[in-house]
There are 2 protein chains.
Amino acid sequence: MSTATRRDRGERALDTAFLEGTLGFTIRICQLKVFDDFIDRLARRDLRPAEFSILCLIADNPGCRASRLAEYLWIKQPNFVPLVAGLEQRKLVLRRRSETDRRFHDLFLTALGRRVVAKAKIVVADQEQYLTDRLGRKKRDELLEALRTVARLDLRADR
Amino acid sequence: MSTATRRDRGERALDTAFLEGTLGFTIRICQLKVFDDFIDRLARRDLRPAEFSILCLIADNPGCRASRLAEYLWIKQPNFVPLVAGLEQRKLVLRRRSETDRRFHDLFLTALGRRVVAKAKIVVADQEQYLTDRLGRKKRDELLEALRTVARLDLRADR
DNA sequence: TATTGTTATACTCTATAACTATA
DNA sequence: TATAGTTATAGAGTATAACAATA
């Protein structure tokens, strides 16, 4: 958009009261904005949000199973395969057949993977700090807690 | 997933503390869950979330311009065209060339469009009520207010 | 020359069915 | 028979460039 806002050009503001009065729409806009910024920050490290979240989970859960991660991240198994395969090709992740049950893939980070995730976490911390600065520590913590409450709900199943 | 949880089968729980300690990831999971439920609820009316939001905005802003809506909804103009064209074909929306500037398309709801959006709003209200019941009115209102604060930020531009 | 809407098109993300190998 | 991972593939959603009409 040009530097002059629509308001500057004398246009009437949109009445957005209904949508902005709903949690659903507002969560959606927040997610778009936060991810837009996040994707841009992470691009320098050649990581997508999904890849970053996978690396984080393997870092804190060495030897975890692929299907377990996919389920938690709401990524369908067939879509999860090329994600992990890509990370393995880049020497960030190691896949190993479980010895107790050879159907499973146990996942580990390589030394390089640990370095990459450590640096990427700094990028995330920067964004989180930016948000905390704008909201204030107390409101930020309350926001996170409320969101975690929503995240734990099983909306479709509860109906 | 089967009825027995992973915990029941004796699997160790994932350590997800890092990701769940970030606003970015938690907002993302909330958005996925809320939209999954929302899409399912709206499916009976053959409406997608984007279509619903467009109808809502036209309802409260008759005669508004297509480009104005697309910008607000974070939908790129080329992707907005088939959305509105579809709504017009279904006789929910009316596109009219502006008389003052024939480049613009002014958007209106048809009588049918008004009926459809009114019914869809009930579906949304149900979901919002469900969330309010779980969170409590006060926490729900605080959550919405905090989200609106985040939604107003211009994260990328502010860096 | 700039802007709105449009077309064409490519890329990413997501979804489903069917296969394999293991159990 | 059931499960983890895989392959193939189709469908959304999203992105950019270029064009026509209009200003």
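Predicted model, so just to flag it, every value in this text is computed and none were measured.
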Within the 4.0 Å heavy-atom criterion, would you say A:A50 contacts the bases, only the backbone, or no part of the nucleic acid? nothing
The nucleotide from D:dT6, C:dT4, D:dA23 with an atom nearest the side chain of B:F104 is C:dT4
Value in whole Å for how far the P atom of D:dT3 lies from CG of A:D101: 12 Å
Side-chain atoms of B:S67 come closest, of C:dT4, D:dA23, D:dT6, to C:dT4
Is it the case that more than 12 heavy atoms not belonging to B:R97 sit under 6.0 Å from its CZ atom? yes
Under a 4.0 Å heavy-atom criterion, the protein footprint on nucleotides 10-15 of chain C, written with B, S and -, is --SSBB
Salt bridge flag under 4.0 Å for residues A:K33 and A:D37: no
Between D:dT6 and A:R95, is there an OP1 or OP2 to side-chain N/O distance shorter than 4.0 Å? yes
How close or far is atom C1' of C:dT4 from atom NE2 of B:H105, stated in whole angstroms? 9 Å
Need to verify one output field. Residue with the more 5' nearest nucleotide on DNA chain D, B:E99 or A:V81? A:V81
Indicate whether OP1 or OP2 belonging to D:dG5 is found under 4.0 Å from a side-chain N or O atom of A:R96. no
Would you call A:E145 and A:R152 a salt bridge, taking side-chain N to carboxylate O under 4.0 Å as the test? yes
How many Å lie between CD1 on A:I39 and P on D:dT14, as a whole number? 11 Å
How about B:K121: does its NZ atom have over 12 heavy atoms from other parts shown lying under 6.0 Å from it? yes
A:E88 CD to D:dG5 P, in whole Å, measures 13 Å
Side-chain ion pair, B:D126 and A:R159, N-O less than 4.0 Å: no
B:R102 CZ to D:dA20 P, straight-line distance once rounded to whole Å: 18 Å
Give a yes or no on whether a salt bridge exists between B:E128 and B:R140, defined as a side-chain N under 4.0 angstrom from a carboxylate O. yes
Ignoring the backbone of A:Q77, work out which of D:dT6, C:dT6, D:dA23 is nearest its side chain. D:dT6
Tell me which of A:R103 and B:P82 sits closer to the 5' end of DNA chain C, going by the nucleotide each one is nearest to. B:P82
Euclidean distance, atom CZ of residue B:F35 to atom P of D:dA12 [Å, nearest integer]: 17 Å
With a distance cut-off below 6.0 Å to the six-membered ring centre and an angular limit of 45° from the axis, does B:R28 pair with A:F35 as a cation-pi contact? yes
5′-ward residue of the pair B:T100/A:F80 relative to DNA chain D: A:F80
